[in-house]
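Worksheet for the structure shown next.
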Amino acid sequence: MIRRLQRGAAAAITVIAAAVLVVFIGLPLLAVFLRVPAGTMVDQLHSQIARDALRVSIKTSLVALAFIVLVGTPVAHLLGTKRFPGRNVITTILELPLVLPPAVAGIALFAAFGRMGLLGTQLHALHIRLPFTWIAVVMAQAFVAMPFFVRQAIAGFGSVDQHYVGASRTLGAGPTRSFFRIEVPLAGKSLTAGATLAWARALGEFGATALFAGMLPGVTQTLPLAIYSEFSATNFDSALAMSALLVAVSFVILIVTKILLQWRAV
Amino acid sequence: MTQDVREDALSVELRHKLRRFELDVRFALGRETLALVGPSGAGKTSVLRAIAGLLRPDSGRIVLGDLVLVDSHRHVRLPPEDRAVGMVFQDGALFPHLTVAKNVAYGLRPRPRGRRDRDQRVTALLERFGIASLAKARPVEISGGERQRTALARAVGRSPRVLLLDEPLSALDSVTKAQVSRELSRWLGELRLPTILVSHDYGDVVGLADRVLVIDEGRLIQDGTVDDLVRAPASPFVAAFTGGNYFAGEAQAGAGGVTEVRLEPAGLAATTARAHGKIGVAVDPWAIALVPGGPGEGEAARPNTLTGPVVQIARQGGSVRVSVGSVPPLTAEIPAERVAALGLERGTLVTARWAPGAVRLVPLSGEKSRTDSPTDASVASADAGGGAAEA
């Protein structure tokens, strides 16, 4: 009897907890869409600040994504298929931005590439100024989003049976051809999922960008920064409209990633 | 033609430290099918991988015709893609994201001139190996036998100068296995390529291999035809491997120049060959006669006799392999009609007998048996002892 009561209580607690969580996460997301009429929202997205922010966001996040994929793929391939001393150290360093507060990432980038930074003198000599440019936005985004891609890519390459690579080699394909024709297609789902997640993270980057790139409208002001700026200026409708856009995009990205990852092997 | 066969198409000499022992082999082959057999983990696949270039041997020299694949002294090591080696992996290793046709097209050599040429050659290969209807299928959609045919077609499409088959039959069910084995035998005959066939199953290589190399713990312990292996197994392992009967025992001189071997844990074998000390006894299954019933009066202690119930009756063509649960157990191979005539079925108590001439003494590997006169056994056992000491 007592046992049955206990079991009933446990089930009830689980149901309540689930309900609390769903409401806690779902309600604010829903509120973003419901606070302001849809028509007003669309109008707000046509404002100069919103259009500039959208343009900056798309440009910088895509460039960051390209950089992440180009640099991250070979590194992930190495880490996923080879065992060597120092491998864990490299993996840990690459994963660090996952747990690092974005503000710290921004300060760190500043300390390295800023005017007074570690490489400041050298960059100045080359007439390269990074902080407060759109390149700085890309750097901040790449810094925090890289691990999302690299982790998935390492797992993806690691799960490719090296038998296939061996077979490809004995069939006359060199390492490069084997990589593109066998390993990339077989790790394709993980690579795409990782790239999608990294892109979403880059799109949402705020802290590191704010510190390292500033909030220059039309140059470094991305959507999240524009939301903050409009919110500070009490333009609540505008902030909500841009937020709704980001929620929608994030939702689509998450769904796409889930579908990609759930596709069973061919 | 005969010269063609004698010419060494591939010579292999390699040493490589594996986890439990060192692989140390040296052999050569011409245009023949060489089976490399041995228990799982004996180093067979490592030999294949070293030839294919997928494993870097600690040292060695591998030469394919006029092409030096590996020469550790001269720091030569061709990458796998430059070795003209056709490898068929155990599970086929077909690329899962490509169709059967695209798998076969993957390694075509010489490189196809345009799409037409490629498609024609792929179709020709698919037809030759009887898989034309599967061209558009994915590897997961086809059967194990079809996968092996695709893998072979793919390897042959590469125009290899040597064919390496890693356990090509072991993943197949017994019906498919027999069929693929027949096909393989025909294709290997047509291709006339130097071929190394790796297998842990003796049955897989009979009928396919011109020559058999037995490898155990990284060392070659016998090189000969299938008949050689059956007639004169170089070790207990080889005897057991070929499906013969092998008993361990201790030999001592008996009356009238006869050597008596006290078998473990029971039984007695007698032969005119001479030996002393711990020794193996091999008896061909077809040299054993079965008589229903227990041993006759005073027969229990007679040599070359074992009694026990029939455990299994397995028909193989015209003959039947009868497993007898004697101590130690044995297998007899008798004509099918004898089984009926004797009324043998599972559980029937039978007495197995064989002639002293059917007893062959086999040295125990790693142990020196003291022999009174120099027989084959003593020479071979000294070798085995030396080998063990080195290892």
Side-chain angles (χ1 to χ4, degrees), chain A residues 69 73-74 76-85 87 152-196 256-266, chain B residues 45-46 48-56 69 78-99 102-112 137-141 147 150-167 171:
Chain A
V69 171
T73 305
H77 179 255
L78 178 75
L79 293 170
T81 58
K82 300 278 189 307
R83 298 282 173 275
F84 53 90
R87 180 179 171 276
Q152 283 281 348
I154 290 175
F157 285 124
S159 69
V160 173
D161 192 334
Q162 286 300 303
H163 253 74
Y164 297 132
V165 182
S168 170
R169 298 289 301 274
T170 66
L171 288 165
T176 314
R177 194 171 137 88
S178 302
F179 174 76
F180 282 110
R181 297 239 1 225
I182 304 301
E183 294 183 275
V184 168
L186 290 180
K189 276 178 293 177
S190 295
L191 297 179
T192 319
T196 319
V256 168
T257 314
K258 276 192 186 294
I259 291 173
L260 280 172
L261 282 178
Q262 267 171 15
W263 254 353
R264 281 276 126 240
V266 215
Chain B
T45 299
S46 298
L48 280 203
R49 292 176 61 82
I51 298 170
L54 301 175
L55 178 146
R56 175 186 209 151
L69 304 184
L78 284 190
E81 55 268 27
D82 294 339
R83 293 195 179 195
V85 159
M87 182 139 176
V88 172
F89 293 81
Q90 185 164 5
D91 54 354
L94 299 179
F95 305 131
H97 60 301
L98 301 179
T99 62
K102 287 199 168 143
N103 263 283
V104 172
Y106 190 86
L108 278 186
R109 290 291 184 283
R111 285 183 195 277
R138 300 272 174 151
V140 282
E141 298 163 349
R147 242 172 268 158
T150 308
L152 188 60
R154 186 175 73 172
V156 168
R158 191 233 192 291
S159 299
R161 294 168 64 182
V162 60
L163 210 50
L164 307 176
L165 312 176
D166 188 7
E167 305 260 8

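These values consider heavy atoms only, across backbone and side chains, with no hydrogens, waters or symmetry-generated copies. Order of the sequence lines sets the chain letters (A, B, ...), proteins ahead of strands, with each chain counted from 1.
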- [ ] Supply the atom-to-atom distance Q152(A) CD to T257(A) OG1, rounded to the nearest 0.5 angstrom.
- [x] 8.5 Å
Open item on the list: Using a 3.5 Å distance criterion without hydrogens, assess whether the side chain of S168(A) forms a donor-acceptor pair with backbone atoms of A173(A).
Closed with: no
Open item on the list: Test of understanding: with ring-ring contact (aromatic ring centres under 6.0 Å, His included), list the residues that count as partners of F179(A), not counting sequence neighbours.
Closed with: H77(A), F157(A)
TODO: Could you check which of A52(B), G53(B), A93(B) has the highest count of heavy-atom pairs closer than 4.5 Å to chain A?
DONE: A93(B)
- [ ] Under 4.5 Å, counting heavy-atom pairs only, tell me which of S178(A), P175(A), G166(A) racks up the most with chain B.
- [x] G166(A)
- [ ] Without swapping roles, check the side chain of R147(B) against the backbone of L94(B) for a donor-acceptor pair under 3.5 Å.
- [x] no
- [ ] Could you tell me whether R181(A) sits above the aromatic face of F95(B), with NZ or CZ closer than 6.0 angstrom to the six-membered ring centre and within 45 degrees of the axis?
- [x] no
Task: R138(B) side chain near K102(B) side chain, heavy-atom distance below 4.5 Å - done: no
Task: Option in P160(B), A155(B), P80(B) with maximal non-hydrogen atom pairs under 4.5 Å from chain A - done: P80(B)
- [ ] With a 4.5 angstrom heavy-atom cut-off, could you sort out which part of L108(B) is near chain A: side chain, backbone, both or neither?
- [x] neither
Open item on the list: Between R83(B) and chain A, with a heavy-atom cut-off of 4.5 Å, which part of the residue counts as in contact: side chain, backbone, both or neither?
Closed with: neither
- [ ] Indicate yes or no: at least one non-hydrogen side-chain atom of L186(A) is less than 4.5 angstrom from one of D161(A).
- [x] no
TODO: Could you list which of residues 84-92 of chain B have a heavy atom closer than 4.5 Å to any heavy atom of chain A, in residue-number order?
DONE: V85(B), M87(B), F89(B), D91(B)
Task: Residue pair T150(B) / P139(B), side-chain heavy-atom distance below 4.5 Å - done: no
